[in-house]
Each structure stands twice: as structure tokens, then as C-alpha cells.
Amino acid sequence: MTKHIQPLAEVFGHLVGDHTAKAERYRSHRLCPFNNKVPNCTKDKAKNPLGVCSIFHNGNPAITCPVRFREDWLITDDAASFFFDDGTAWSSLTEVRLNDAYGKSAGNIDIVLVAYDKNGKVFDFGALEIQAVYISGNVRDPFEYYMEKPRAHAQMNWLTKPNYPRPDYLSSSRKRLVPQLLFKGGIFHSWHKKTAVALTKDFFDTLPPLKRVGKSKAGIAWLIYDLELVVEGGQDRYKLTKVDEVFTGFEHALMAITTPTPGDINDFVKRLQEKLDEKMETPPTNKMIERPF
């Protein structure tokens, strides 16, 4: 496992140690190579975007920007193979608003794949949700420091800095993945439509065990990716690569992810007793209360 002394893996689509003319152009103009809605990166702030695509964790890059999953639109090909039969004509639509029965928004679907006939009429569709990972700590500070002098700061030592950024898979599943499946996925499931979830292997490995079913019986396809280090044109880069796919039922997957594993009740009672003892031992404060006449 490679030891990294700074957290940044990719900035504006390139390794931090990539100082080719192309990489410098992308950094200079704040460009996104991964099919963002506009040519520029828009993460966090449009005028001063946080152009970090992935950070290092345990020697491996962890994707922190959902747009990073759009490389070559590989995820849509993989989702389409789950949603539709071979030979089906389909297209993809991004950021599609989804309403509930009362006309209130349940959120936007990251990508909706639509199948259409020879007349261009939609006859089937499926939802593709992208799950990047939240970061705990501060990633903007090392990013800003790196951008001041990319060549000089590519090997900066950030280990001693406060709030070193790390992926927070638990918050990502509880605050992002669960609501996505519960509300948006629940609506699609009620319509008998399928959902695909694109995420990294490290993220998927933090989820509880999921019961697998056959592809034809599945309500959810978990499309699992990694960033593979490759050499193109003599330059190292990370390439999005599918490493696995897991098919599950909708209800079972949702139940498995949302049901906590309880700890020992005796440990909790012990904690309650300790806090109660502390409270009983603390002398009450006797402050004179001034009363108005």
C-alpha cells in the first residue's frame, strides 16, 4: 500500500503530479473532463470550484465528486444493460425532477435512462443514482495550497495539518444513500421500475451484507467501480473501471441498509449509570437570584 503524505489524488481530472500541458490547462481554466453540465468544474462554487475529484484513503483513491463517475458514460452503458433488453434504443437524461403524489419534489434523479421506439416515444425507463463519498475534515485548504504552486506543492506534507480530509462512508450511506433509496427509489419501485446505483468498491464494502438475486428478478443493480491507474501517452492517470455488479431485491436491500445492528444493552445501561453518577456527584450551584421589587 502506497503511503501518501498529502490527501489529493485528482484535481480537475488529473493526478496532482501531472504537469503536462493538458493538465496545466485544465487546472488553469478550472475545466472538468468528466461530462459536467458545462465545460468547467462547478463543484461547491461556480466561481471558485473545489476541483478535487478524488482523495487518497488507505493508499487508494476515493471518488468524492459524483461527476467523476461520468467518465466516458460507462455507467449509463452498464445501467442500460440492467434496465433494457439487448438492442433497445435508449438515451440518458440528467437531473430529472421527481414529484410525489402531492406534487411535492422528492428530489432530482441523477440520470434517467429512457427507452424509446422507432417513433421516438418513451416506453420504458430506469433511475441511475450516483453515490460519491462525503468528506470529513477540510479538503479545500490543501486544494487551495496545491493550486498556488502545483509543481512545488504536489508532494506537500499535509499529515500534521488539522482536519486532514478522509472519506466518511457512514454519513454518506445514512444521509445520502438511504434517503435516495427510500424516497426516489421507493417511487420508482412502486411503478415497477428499476434502480441502479453507481458507487466505488470501498463504499459498497461498508454496507451490510445484501442478499443477491438473479438479474431478471432484481429491483436494484449495484454497479461497483474503482479507479485503476493506467498509463496513456506516457502519463499516469486514473481510469474508471467496473469491478463488480450485484443484483438485489428492493425491499431487502432497503431493510438491510436501514436496520441498525444493536449493541449490547448492558453497555448502554452502564453508560447511563456513569452519567447519572457524575450528575449526582456534581454539587448544585447556589447563585443568588435577584428578584425585582
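Residues take their numbers from the sequence shown, with the count starting at 1.
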- Item | Intermediate values then yes/no, side-chain contact (heavy atoms from CB on, under 4.5 Å), N108 and T94 | CA-CA 9 Å; N108 289 346; T94 60; over 6 Å; no
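- With rounding to the nearest 0.5 angstrom, the OG atom of S172 is 4.5 Å from the CZ atom of F203.
- Put simply, CG on L15 and CD on Q235 are 7.5 Å apart, with the number rounded to the nearest 0.5 Å.
- The two residues H19 and P150 come nearest to each other via the heavy atoms CE1-O, 3.4 Å.
- Remark: Y146 engages no residue in a ring-ring contact (aromatic ring centres under 6.0 Å, His included) (not counting sequence neighbours).
- Within the structure, every pair that satisfies the ring pair (Phe, Tyr, Trp, His ring centres under 6.0 Å) test and touches residues 249-273, not counting sequence neighbours, is listed here: H189-F250.
- For L182, the side chain to side chain contact (heavy atoms under 4.5 Å, CB included) partners at least two apart in sequence or on another chain are L254.
- Residues Q6 and A154 share a closest heavy-atom pair of CG-O, 3.7 Å.
- Taking CG from N266 and CD from Q273, the interatomic distance works out to 12.5 Å, rounded to the nearest 0.5 Å.
- Looking only at distances, no side-chain donor or acceptor of S171 sits under 3.5 Å from a matching main-chain atom of D168.
- Cation-pi geometry between K194 and F82 is met: under 6.0 angstrom from the ring centre, within 45 degrees of the axis.
- Taking D244 as the reference, R212, I224, V246 meet the side chain to side chain contact (heavy atoms under 4.5 Å, CB included) condition, with sequence neighbours excluded.
- For E278, there are no salt bridge (charged side-chain N to carboxylate O under 4.0 Å, His left out) partners, not counting sequence neighbours.
- Other residues, nucleotides and ligands contribute over 12 non-hydrogen atoms within 6.0 Å of the CG atom of L276.
- Residues that satisfy the side chain to side chain contact (heavy atoms under 4.5 Å, CB included) test with N36, not counting sequence neighbours, are C32, V38, T42, V67.
- Applying the ring pair (Phe, Tyr, Trp, His ring centres under 6.0 Å) test to pairs two or more places apart or on separate chains, those with a residue in residues 25-48 are H14-Y26.
- Using modelled atom types, no side-chain atom of R151 and backbone atom of K149 make a donor-acceptor pair closer than 3.5 Å.
- For N35 (side chain) and R70 (main-chain N/O), a donor-acceptor pair under 3.5 Å exists by modelled atom type.
- S28 places no side-chain N or O within donor-acceptor distance of the main-chain N or O of E24, the cut-off being under 3.5 Å.
- Here the straight-line distance linking atom CG of D226 with atom NZ of K242 works out to 13.0 Å at 0.5 Å rounding.
- Atom CG of D85 is surrounded by 12 or fewer heavy atoms from other residues, nucleotides or ligands within 6.0 Å.
- Both V133 and F204 are assigned to one and the same hydrophobic cluster, defined by single-linkage of ILVMFWY side chains at heavy-atom distances under 4.5 Å.
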Residues 119-130 side chain polar contacts: donor-acceptor under 3.5 Å, at least two apart:
{"residue": "D124", "atom": "OD1", "partner": "K193", "partner atom": "NZ", "Å": "2.7"}
{"residue": "E129", "atom": "OE1", "partner": "Q180", "partner atom": "NE2", "Å": "3.2"}
{"residue": "E129", "atom": "OE2", "partner": "K184", "partner atom": "NZ", "Å": "3.4"}

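- Put simply, L8 and F56 are part of two different groups of oily side chains (I, L, V, M, F, W, Y) that touch within less than 4.5 Å, one to the next.
- Here K37 does not pair with E95 in a salt bridge; the nearest charged N to carboxylate O distance is not below 4.0 Å.
- A salt bridge links D110 with R176: the distance from a Lys NZ or Arg NE/NH1/NH2 to an Asp or Glu carboxylate oxygen falls below 4.0 Å.
- The backbone N or O of L240 lies less than 3.5 Å from a partner atom in the side chain of E71, making a donor-acceptor pair.
- Residue L227 comes nearest to E10 through the heavy atom pair CD1-OE1, 3.4 Å, listed as atom of the first residue, atom of the second, then distance.
- Remark: side-chain polar atoms of S173 are paired, donor with acceptor, to backbone N or O of L170 under 3.5 angstrom.
- Hydrophobic clustering keeps I220 apart from I75 (ILVMFWY residues linked when any side-chain heavy atoms are closer than 4.5 Å, directly or through intermediates).
- Judged as a ring-ring contact (aromatic ring centres under 6.0 Å, His included), and not counting sequence neighbours, the contacts of Y145 are H153, W158.
- Following chains of ILVMFWY side-chain contacts shorter than 4.5 Å, one can reach V16 starting from V139, so the two form part of one hydrophobic cluster.
- Of all the heavy atoms in P7 and Y164, the pair that sits closest is N-OH, 3.3 Å.
- Summarising the geometry, atom OG1 belonging to T76 is positioned 11.5 Å from atom CG belonging to L93; distances are rounded to the nearest 0.5 Å.
- Taking each heavy atom of L50 and F143 in turn, the nearest pair found is CD1-CD2, 3.6 Å.
- Not a single donor-acceptor pair under 3.5 Å links the side chain of N60 to the backbone N or O of A62.
- Salt bridge status for K201 with D205: present, with a side-chain N to carboxylate O gap under 4.0 Å.
- Partners of Y225 according to the ring-ring contact (aromatic ring centres under 6.0 Å, His included) rule, which considers only residues two or more places apart in sequence or in another chain, do not exist here.
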- Message: Test side-chain contact (heavy atoms from CB on, under 4.5 Å) on K217 and F247; report intermediate values, then the result.
- Response: CA-CA 8 Å; K217 297 180 179 179; F247 303 107; over 6 Å; no
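- Between the T241 side chain and the K239 main chain, a donor and an acceptor come within less than 3.5 Å of each other.
- A donor-acceptor distance shorter than 3.5 angstrom exists from the side chain of D18 to the backbone of T20, with no hydrogens or angles considered.
- Taken together through direct or relayed side-chain contacts under 4.5 Å among Ile, Leu, Val, Met, Phe, Trp and Tyr, M255 and F183 form parts of separate hydrophobic clusters.
- To the nearest 0.5 Å, the span separating CD1 on I55 from CD1 on I63 amounts to 11.5 Å.
- Annotation: R237, atom CZ; neighbour count of heavy atoms from other residues, nucleotides and ligands within 6.0 Å is above 12.
- Under the side chain to side chain contact (heavy atoms under 4.5 Å, CB included) criterion, D77 pairs with W90, sequence neighbours left out.
- Nearest heavy atoms, P142 versus M156: O-CE, 3.4 Å.
- Taking F69 as the reference, nothing meets the ring-ring contact (aromatic ring centres under 6.0 Å, His included) condition, with sequence neighbours excluded.
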